[in-house]
Amino acid sequence: MTGKVLPVAKGIVALALVGVVLYATFHAVQAQQTQTPPERFIAPVDVDTAGLPGPVQPIFYRHDVHAGQYEMDCLYCHYAAEVSSSPGLPSLDACMGCHLLVGGGNPEVAKLREAVNEGRPVEWVEVHKLPPFVHFPHMRHVLSDAEIECQDCHGEIERMPQVYQFASLKMGWCLECHETEEATTDCTACHY
Amino acid sequence: MRATPGGILAAYRHVDAASEAIVALKHSGYENFTVYSPAPNEELFEAVDHPVSPVRLWTLFGGLTGLVTGYAMTMWMSYDYPTVVGGKPVGSVIPYIVIMFELTILFGALATLAGLAFHAWRSNRRAPFDGRFSDDHIGIFVPCPVERRPAVEQILTAAGATEVMVETG
Amino acid sequence: MGKEMDRRRFLKVLGVTSGGAAAVGCSTGTPEKLVPYLVPPENQIPGVATYYASTCRECPAGCGVHVRVREGRAVKVEGNPGSPFNGGKLCARGQASLQGLYNPDRLRGPMARGADGGLAPISWDDAYARIVERLGSTAGDRVAFVTGNESGTFDRLVNAWLTALGSQGRLVFEPFGYEALRYANQQVFGVDALPSYRFAEARYVLSFGSDFLETWINPVQNTREFAEAHSVTEEGMGRYVHIEPRMSMSGINADEWIAPNTGTEAVLALAIANVVLADHGGNAPSDVFRVRQLLEQYDPESAAGVCGVPAETIRRLAAEFSENSSLAIAGGMGNQHDQAHAAAAAVGILNYVAGNVGRTVVFGSDPDPGAGSTYRGLADLTQRMRDGGVDVLFVHGANPAYNAPSGLGFGEALGQVDLTVSFARVLDETAAHADLILPDHDPLEQWNDFEPRAGTYLLQQPVMQPVFDTRQTGDVLLALAGQLGASVAGRFSAQTYKEYLQAAWRTRQNQLGGRGVAFDDFWAASQQAGGVYQPEPTRAQRLDRNVGGLTFSSWSGIAGSGDLTLMAYPSSVFYDGRGASRPWLQELPDPVSKITWGSWVEIHPETAAEHGIVDGDFVEVTSAHGTAVAPAFLYPGIRRDVIAMPLGQGHSELGRYAQDRGANVYNLLSSEPTEFGGLSHYQAVSIRATGEHEVLASPAGRSRQMGRGIAQSTTYEHVEAGDAHPFHVEHAAEVPEAIEQVLDEWQAAQDRERAIGNYAGDHPRWGLAIDLSRCTGCSACVTACYSENNIPVVGKLGVQRGREMSWLRIERYFEGGEGDEPLTVEILPMMCQQCGHAPCEPVCPVFAAYHTSDGLNGQIYNRCVGTRYCSNNCPYKVRYFNWWDHSDENSAAHSFPEPLHLQLNPDVTVRDKGVMEKCTFCVQRIRGKQNQAVLEDREIADGEIMTACQQGCPADAITFGDLNDPNSAVSRLSQSDLGYRVLDGLNTDPGVTYLMRVRHTVEE
Amino acid sequence: MATTAPPEGLPVSRPTYADVTRDIVATLGNPGRIYYGLLAFVITILLIGFGALLYQIKVGLGVAGYTPPVMWGVYITTFVFWVGIAHSGTLISAILFLFRSAWRTAVYRTAEAMTVFAVMTAGLFPLIHVGRLWYAYWLIPYPNQRMLWVNFKSPLVWDLFAIGTYFTVSTCFLIVGLIPDVAAVRDKATGWRKKLYTITSLNWRGTDQQWRHYTRAYLYLAALATPLVLSVHSVVSWDFAMGIVPGWHATIFAPYFVAGAIYSGVAMVVTLLVPLRRVFKLERYITTDHFENLSKLLLLTGMIVAYAYATEYFIAWYSGNTFEQASFWNRAFGDYWWATWTMIICNGFLPFFLWFKKIRRCIPALFVLSLFVNLGMWFERFVIIVVSLSFEYEPYAMGHYTPSWVEWAIMAGSFAWFFMWFLLFAKNFPTVSIAEVKEIIPMPRKKA
């Protein structure tokens, strides 16, 4: 008789096991979905500058690391954007403010320190160019009622390992916004 | 050019002869014959007696289009980016009249040209041609099947053709 | 456009000098470099201007300046509103000091004369070594040091340094030394000093040839105060009579011009004084008895015979002089003949008897532009040099080889000196003979101070990094002292001149009773204020005991060699010639002749006719001492027996802009020092037409208005009577009522059609009001405009072809002057009138010229195609076309050779070839203030926005503001009865209102 | 028409249709050495002018003699001159066509070709004269990313449209007129010319249908061209009349300019026809009568021009406008008196000779006269433009302008450009209309 019972029992056990496994995995999956913390942006580790859009800079300064990963405020470096027509470039000793301590191992940071020690200015390649006959007051836009974000014109800078020109910066492009926002379209607002 | 239809081609030195022939042809019911002449000639035109060319309608519509375009363009462009000059209204019609006028003429002329091309091409029947017809002869070609040719030839010669040729299609 | 080139090069320069600066603006150039600061200079934000207070050293007046600095480079020099002298105003020369800083011909480092006689670069150390070595082997008394006016710490340093060397060889040489005036005051008042003249209190000015609006003492202050005191007020109007053989720019501003016989000012002044004392002696101080007897010799009748001025005129002048709060001035360089001291003395007496001394003529603060310099001193030194009495000669801030007569032979005498060390910034005539040149910092790069008069201590501070490898002479002297052995070194504790200066200011702080305040605070405060301004000390001045014994003689007159008298007068543009290296000043038309880029000879049309000379004919002027050739300028404002030539041109050195241009008039003058130790600026000469001719390099097309009422004037009589009788160009018929109404409705309809888009709602209408009664024609505004708006200079040929780009021009018209009718000269600043119904706008096919919502004639350079139709259609002719590429360094017309391009205002586009440009009321300033106001969420206050011309104007003749605001200053002025608009009949509705010039004339 | 009495302008020695074809086709024979010599000459001049233009573009307009306030000089003067020349063509082909004046048939082809080439020449000058010709296309209202349009209130934009239209229409006119002739030539030609004409004749065979539409189309083109002719130079004249400049701002300008334009145009036709007739032996077709008719036109327009001069001065005086008065005084007795008097003598006095039939029928005299008129008309524009500008409102800003070699070179180049085209045309296309000459010759009839 037992000879007949065993296979059945085996069958039940097997089923049970399968059920348990399935249940467990199912729960495990659920657990994973619920428990992982909100994803934080991690700048990709090494990116080859040549392959990236935009001009190659003397020092491979990475906006995606500074503004993206470490979420530094744009105005920390571009300190003049709210008060001046020019956003301002961070002086090298502003960079050294942090890099005296951090990033020592990084070869690019080494370049920076070298430049500072030699008292030689770094010649960044300009990315966002306007013709000389256009006068663009940054402060008016940064502080305008239209609540313009830096990204609106410069693109997702905090995700750019190497900065490239995002918007066309052509007059038509300016005018579109000026018309939708009902800002002035008077020529001498920008040309003089 | 594809093979011309068969028929009779007659050449005339005298304008009155040619017109007679035309009249006679029409009298005996021939319609779709072709008359060649080196220069426009009232007498022939009377004989052929075509209705007035529709080209003039092209001219009219061309002109009107030009006028409307002129007005629409100047006014719309003025108000699209309003710019004041010399204390004048943004869209001031009077100076724009010049533009409207010029466009009227321009479109009118081009339309006329188009009309000419269109109609001249449409009405251009395939028919044999002879170099003399652009020099000093008037030519008449009557397309007709073989059995009717003697009759036609008779009419044309009677009118005083200097030469009558049978064109086998 | 050109700016791109400009910026890249600019960065290169700062790359070597200041380690880079943040870049603003943008450009189409590729690849463009952005260079950040290594270490950011404090309080400098890229794109935001910083202002540094300093002191103008273009002339000895000592005006305070504010230097506008952008991204580490000075871009404009403006007046310091806190200065008691210029109160925020600045003359053309001051504006152009920027081009001293950026002069392309500045020496880029120390130079030494090699064996081959040529100058070659040398290191600072070697240069020091050479000097130390030479000084080591020289007795102190064989060392001489020539400087210009350096009344301040540097002055004391030089003296201390020489004393340390055991030398007494200090000489101050200022070509405009006012020797006659000081000598006369010595005679009349017993003090070798100058008083200060209170034009502010003088309602009646009697100038005996003093060009007090041009170069005399402190022209900016004089102009400010004169314009105020001369203007129409409730009490009446000031009056100004000018007495000179020639109608100078100052004379043009006079209500009456009297040209007595040449050199007889003394007699005229004494005659007036005589009448004043005799008939109106009321105000005379008690001790006038000392001169009473003297004056009685000069009764009007006999004086009339000498001077050629009618006796009744003398009486009238005397009456006017004594009835008003008056001021008589003399001792201008233009009238410095060999009896100038007599004239000055006579005028001193005149002021005294009229009771002006202590009121409008105040002794005590002793301003001295000459800093005690005398021409005789230079002559003596030259003699010593010639006799081999000088081994080592230092020359700083003086150029005797140029501005002393060639007869003196200073240049040759330099050959007798072993070692001549020059501190010149640009290779000048003196430096050209030097063995060593140790270029000094430009005043805008220096730490220094200056004391133009007692109680006023002005500070200079570096506004930017030095442009070149130069060193401040103060530092050089201290460094040398350090190497000259203990005896010398011991006397100087300071290592750098800045320390030395601060030490001096520490003591000053104590003198000024500033104890208690920390020095750093005092120092910072002084820096910000541009100096320390104490009230002018005054002292009562009495006549000298021996004044009665004075003898007066007129100028000896025509002596021998010629039948005409030459007046060598100071150029209001170049001063004594030091300004000639500034392209802005070279292109600035002379206020009187309107000639640029050269010299000229002023001749009365009738005299010219006798010699068969017409405008532009070259004239050879020959005196006993030399000859000079220059084109003739026929000027009805000069005596028939006098010709005049301006000083300042004819440089053989001083860089590309000054070299070989015009004639050096000093060479026509006698090198003999006069009795008062000065240089006589009068010479007997003969003239001859050489036969050559040139088109005068002058923007003045016609000199007569043809009755078109461009520059209108009236008399005070009419103003009092309440009818300024405005000049009518158009005799338009009365328009019937009905028509008027229709027109108004039509106009209203048009306005409605305009008020859309940007034009909807309320907007300001910017406008100017220009008071011609105040405008003196000094042209400071013109240079201010060049500086603010990056206007290129076009050179002599350009001006001859009428292609000057000056957005703002001073028009000069002659009225009358033919036969016996009196000459009047009308002056009018003409810039874009920003018409409401501008004829230039509708003709532009591409809207490059259009009307902005705030009432400007916008000119969009980058949209301009260059049809030039707008210019044809502009009745005021104020549009200027770029015939060449002035911004292209490869173009022959390049206007900004390095480092002049650093002066360019980053807020204004540098215009391209083939583009029309014009005045837009400094729209960049308007937009700047508007942006600021929006950020601060406020309205713009009236007078907050200043155009560059308004800001510079010493006479406050220009007012800018919103015409739509009924309470704005400009609206109120535009409503004045004197107001008129040029060519009003054309219905252009200009935004500029001129206030007629009012002349305070009197009937004989 | 053939049945009526022989109309005016009918060739004297009654040529037959065959003669006409033969004689005119004969003009297209292979050119000789002189022809190539001429062609080489004009092309050389053209190249020199082009070189000067490149130099001016490179260095800047400063190389021209401009002296503010004279901002328009030789270039605009020559522009107006050529636009003027362009007028007689369409006048003769369109207006006289509507007036059914038969004598036009022999001369209109030359005039029309001249018109087209003159417009082609004129069109270059606005480009040469602007400061940034590389941006000249901004005058065209095309959609652009800047969202900017042009200023239709500006007479220069009117010009653009007027000249553009005129060029298009007169070119259409010329081509349409050529079609039947080219066909006629085609049937005589051989070799490569045969191919050329076969293509250009657009398969014209002169059928009744083709003639039917052709005659109508031609009539309406003429009807459109007529107001156009009058408008074009009116618009050009408004470049000035719309200005505020004394001496420009006058209502008389439109008719005054149109008359002047036709005047100069007809003069140029005479200048061209006289040698052409001689070289191509067309005396049979272009007879003295034709020249007399042309000189009658000259006389008429010349009288109008003379009247306009008088009116200008009268109005200047009568208006009481001091600026106008001064401006005209300056014209006659100022720095530029010589230019003014050249203009008045050439255009105002010389045409009076045409009252004499002798002179009207004396071809050498006419030729010389036509040259003087061309000269005078150039100076008329010079005076109106340069002299007025040199003497405006602001006495301080008055100036004196003298053209530079660059301007002369470019102007000479423009003449070369014009004659190059004309030479090429004259040798390759019938300069006398075959079909229209035939049209006025009665066809032979069997019943005499």
Side-chain angles (χ1 to χ4, degrees), chain C residues 594 695 699-708 710 729-731 798 801-804 809 811-813 828 830 839 841-847 850 863-869 871-885 891-893 912-916 982-983 986 988, chain D residues 57 59-72 76 126 129-139 146 148-160 239-240 242-246 248 320-323 326 385 388-401:
Chain C
K594 290 292 154 193
V695 177
R702 292 266 198 290
S703 291
R704 302 269 171 184
Q705 302 197 57
M706 314 178 189
R708 294 184 174 188
I710 306 290
V729 184
E730 304 292 293
H731 306 285
R801 294 170 98 184
R803 293 174 178 179
E804 67 280 345
R809 59 174 189 254
E811 301 193 346
R812 184 265 293 123
Y813 293 112
L828 172 117
M830 175 59 72
E841 291 167 354
V843 297
C844 176
V846 293
F847 288 125
Y850 81 108
R863 178 66 170 169
C864 178
V865 175
T867 68
R868 307 192 289 294
Y869 199 171
S871 174
N872 287 346
N873 226 28
C874 171
Y876 308 96
K877 289 286 163 274
V878 287
R879 297 181 146 265
Y880 302 89
F881 186 72
N882 285 273
W883 301 103
W884 313 101
D885 199 339
S891 155
D912 209 352
K913 174 178 69 181
V915 168
M916 191 64 72
V982 175
L983 299 172
L986 298 176
T988 51
Chain D
I57 293 170
V59 181
L61 269 175
V63 300
Y66 291 109
T67 309
V70 182
M71 291 288 190
W72 287 0
I76 297 298
H129 129 104
V130 296
R132 302 203 291 177
L133 81 80
W134 47 96
Y135 286 138
Y137 65 91
W138 282 352
L139 269 70
R146 296 184 295 283
L148 293 173
W149 301 111
V150 302
N151 177 7
F152 290 108
K153 300 183 187 88
S154 166
L156 291 185
V157 175
W158 305 350
D159 260 6
L160 183 78
D239 286 351
F240 308 106
M242 292 289 150
I244 197 169
V245 180
W248 283 13
N321 179 331
T322 51
F323 301 112
I385 294 168
S388 306
L389 285 175
S390 71
F391 198 89
E392 276 193 59
Y393 294 95
E394 270 271 311
Y396 187 85
M398 291 175 177
H400 186 90
Y401 156 87

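Owing to the predicted nature of the structure, the values given are computational and were not obtained by experimental measurement. Sequence lines set the chain letters: A, B, ... in the order given, protein chains first and strands last, and positions in each chain run from 1. Keep in mind that the numbers below use all heavy atoms, side chains included, and drop hydrogens, waters and symmetry copies.
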So which of C:C864, C:G798, C:C874, C:S891 has the largest heavy-atom pair count under 4.5 angstrom toward chain D? C:C864

Rounded to the nearest 0.5 Å, how far does CG of D:L61 lie from CZ of C:F881? 5.0 Å

Does one side chain, of C:R868 or D:Y66, offer a donor that lies under 3.5 Å from an acceptor on the other? yes

Nearest 0.5 Å, please: how far is CD in D:E394 from CG in C:L983? 6.5 Å

Interatomic spacing from CG in C:L986 to CZ in D:F323 - rounded to 0.5 Å: 6.0 Å

Restricting to non-hydrogen atoms, name the atom on C:N873 and the atom on D:I244 that form the minimum distance, rounded to 0.1 Å. OD1-N, 2.7 Å

Contact part of C:R863 toward chain D, heavy-atom cut-off under 4.5 Å: side chain, backbone, both or neither? both

Main-chain N/O of C:T867 paired with D:W72 side-chain donor or acceptor, under 3.5 Å: yes

Give a yes or no on whether the backbone of C:D912 and the side-chain of D:R132 come within a donor-acceptor separation of less than 3.5 Å. no

What's the spacing between C:F847 CZ and D:L148 CG if we round to 0.5 Å? 9.0 Å

Bottom line for D:F240: the part with an atom under 4.5 Å from chain C's heavy atoms is backbone

Under 3.5 Å: donor-acceptor pair, side chain of C:D885, backbone of D:G60: no

Chain C contact via D:W158 - side chain, backbone, both or neither, heavy atoms under 4.5 Å: neither

CD1 on D:I57 to NZ on C:K913, rounded to 0.5 Å: 8.5 Å

In Å, rounded to the nearest 0.5 Å, how long is the span from CE of D:M71 to CH2 of C:W883? 5.0 Å

Listed partners of D:Y401 passing side chain to side chain donor-acceptor pair (under 3.5 Å), at least two apart: D:E407

Tell me every residue that passes side chain to side chain donor-acceptor pair (under 3.5 Å) with C:Y813, counting only those two or more places apart in sequence or in another chain. C:E811

Look at the side chain of C:R708 and the backbone N and O of D:T322, then say whether any donor-acceptor pair between them is shorter than 3.5 Å. no

